[in-house]
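Report on the following structure.
In what follows, chains carry the letters A, B, and so on, assigned in the order in which the sequence lines appear, proteins first and then strands, with residues in each chain numbered from 1.
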Amino acid sequence: MNYNELSIPEATRLQQELRKEVITTPFKGKVQYVAGADISFNKFSTTVYAGIVLLHFPSLQPVGYSLVKKEVTFPYVPGFLAFREVPALLDAWQQLPQKPDVLVVDGHGIAHPRRMGIASHFGVLANQVTIGSAKKKLFGLYEEPGPAKGNHSPLTDKQGEVIGTVYRSKQNVKPIFISPGHLIDVAGSLDLVSQCVQRYRLPEPTRLAHNAVNQFRLGTLPQGYTPA
DNA sequence: GCGACAG
DNA sequence: ATCTTGTCGC
């Protein structure tokens with residue numbers, strides 16, 4: 001199905017169907033590889049540059065980059081980010097020679113009005129363990145976490161159900177929002193992402209993915225899969 | 001009607 | 001998201 005032709009009401013219907021498929025149970029298993037996914041584009045352009053960076057875990061050393069270019073006309077509408085970015089990310093995913101145990105997506109998972117943020121949407125379509133890591137809140141209520149690195153507080157919906165974690169990844173920086181995408185729970189998502197934070201506010205997977213797609217857009221990295 | 005609003 | 005210089009604080 002072509003997302004570019006969908007109306008917002010139709011996209012909402014699809015999210016309501018897909019949310020039935022989301023699973024948030026504890027992730028059991030060893031993590032040997034993690035990956036980060038992100039998109040870059042020039043303002044006012046319909047060309048998007050998608051990328052997935054594969055990293056060894058827990059060393060967090062990059063193993064390779066999958067980069068693809070795609071045309072997208074679906075607009076950015078808060079709550080519907082997946083319809084703009086998932087198609088290109090699936091192309092990059094298909095091109096990845098080796099899949100990670102867990103994929104960290106730049107955006108939210110179930111911390112979404114219909115529990116279907118981009119990380120959950122991608123996870124269901126690719127049948128892959130995913131976690132959403134966002135820089136700003138989209139949905140939910142929370143108390144500001146303490147100022148020290150590692151301080152965190154629950155992100156809940158209006159019924160008090162926990163849908164994610166607001167996490168202070170570094171001292172004196174704005175917190176990040178971590179939520180399960182698919183096949184993992186809130187606690188497991190926080191545990192994995194916190195182990196992916198090194199020197200910067202953002203976890204290495206999405207930070208490196210962001211750098212890669214930017215370099216790709218600017219012509220510094222070639223399209224395709226490139227071993228690190 | 002008003003405020004909120006991932007990338 | 002992207003553009004973009006200087007500036008404040010650890």
What's A:Phe74 touching, base or sugar-phosphate or nothing? Going by heavy atoms closer than 4.0 Å. nothing
Residues A:Gly109 and A:Ser120: closest non-hydrogen pair is C-OG, 3.2 Å
Sequence neighbours excluded and cut-off under 3.5 Å, please list the side-chain donor-acceptor pairs for residues 220-228 of chain A, or say none.
none

- Query: Checking all strands, does A:Lys43 fall into the base, sugar-phosphate, or nothing category for heavy-atom contacts under 4.0 angstrom?
  - Reply: base
For A:Tyr3, the ring pair (Phe, Tyr, Trp, His ring centres under 6.0 Å) test, sequence neighbours excluded, returns A:Phe83, A:His121
Pair A:Asp38 + A:Arg207: basic N to acidic O under 4.0 Å
no
A:Lys174 atom NZ is separated from C:dG9 atom P, nearest whole Å, by 18 Å
Taken to the nearest 0.5 Å, the spacing of A:Asp106 CG from A:Leu202 CG works out to 7.5 Å
5'-most to 3'-most nt of DNA chain B touching chain A (<4.0 Å, heavy-atom partner on protein side) reads B:dC5 to B:dG7
Under a 4.0 Å heavy-atom cutoff, the residues of residues 2-14 of chain A touching DNA chain B are none
Ordered by number, residues from residues 113-129 of chain A within less than 4.0 Å of DNA chain B (heavy atoms) are A:Gly117, A:Ile118
Name every donor-acceptor pair, under 3.5 Å, that has one atom in a side chain of residues 136-150 of chain A and the other anywhere in the protein, sequence neighbours excluded.
from     : atom 1 : to       : atom 2 : distance (Å)
A:Lys137 : NZ     : A:Gly140 : O      : 3.2
A:Glu144 : OE2    : A:Arg168 : NH2    : 3.3
A:Lys149 : NZ     : A:Ser169 : O      : 3.1

Members sharing A:Val162's hydrophobic cluster, built from side-chain contacts under 4.5 Å between Ile, Leu, Val, Met, Phe, Trp and Tyr, are A:Val186
Salt bridge check: are A:Lys69 and A:Asp91 linked by an N-O gap of less than 4.0 Å?
no
* Asked: Base, sugar-phosphate, or nothing: which does A:Gly132 touch, judged by heavy atoms less than 4.0 Å apart?
  -> nothing
Rounded to the nearest 0.5 Å, the CZ atom of A:Arg201 sits from the CG atom of A:Asn172 at a distance of 13.0 Å
By side-chain contact (heavy atoms from CB on, under 4.5 Å), A:Ile39 pairs with (sequence neighbours left out) A:Phe41, A:Val48, A:Ala50, A:Glu85, A:Ala88, A:Leu89
Inset, instruction - Could you tell me whether A:Glu10 and A:Arg13 make a salt bridge, using a distance below 4.0 angstrom between a side-chain N and a carboxylate O? - result: no
note: A:Leu218, atom CG; C:dC3, atom C1'; distance rounded to Å ~ 12 Å
In numerical order, the residues of residues 178-217 of chain A whose heavy atoms come under 4.0 Å of DNA chain C are A:His210, A:Asn214, A:Arg217
note: A:Arg84, atom CZ; C:dA1, atom P; distance rounded to Å ~ 12 Å
Assert: residue with more 5' nearest nucleotide on DNA chain C, out of A:Asp38 and A:Asn172, is A:Asp38
With both pairing distances under 3.5 angstrom for Watson-Crick or G-U wobble, and | for a partner in another strand, the correct string for DNA chain C is ..........
Stems for DNA chain B (at least 3 consecutive Watson-Crick or G-U pairs, under 3.5 Å) come to none
request  = Using atom types as modelled and distance alone, determine if a side-chain donor or acceptor of A:Asn42 lies under 3.5 Å from a backbone N or O of A:Ser45.
outcome  = no
Give a yes or no answer on whether the side chain of A:Thr130 reaches the backbone of A:His182 with a donor-acceptor pair at less than 3.5 Å. yes
Smallest heavy-atom separation, A:Val86 atom then A:Leu125 atom, equals CG1-CD1, 4.0 Å
Distance-only donor-acceptor pairs under 3.5 Å for side chains of residues 18-35 of chain A, two or more places apart:
from    : atom 1 : to      : atom 2 : distance (Å)
A:Lys20 : NZ     : A:Glu17 : OE1    : 3.2
A:Lys20 : NZ     : A:Glu17 : OE2    : 3.2

Here the gap from A:Ile178 atom CD1 to A:Leu190 atom CG, rounded to the nearest 0.5 Å, amounts to 5.0 Å
From CZ of A:Phe41 across to C1' of C:dT2 the rounded distance in Å is 7 Å
**Prompt:** Should we count NZ of A:Lys99 as having more than 12 external heavy atoms under 6.0 Å?
**Reply:** yes
Query raised in the report: Sub-3.5 Å donor-acceptor pair from the side chain of A:Ser179 to the main-chain atoms of A:Gly164, do we have one?
Result: no
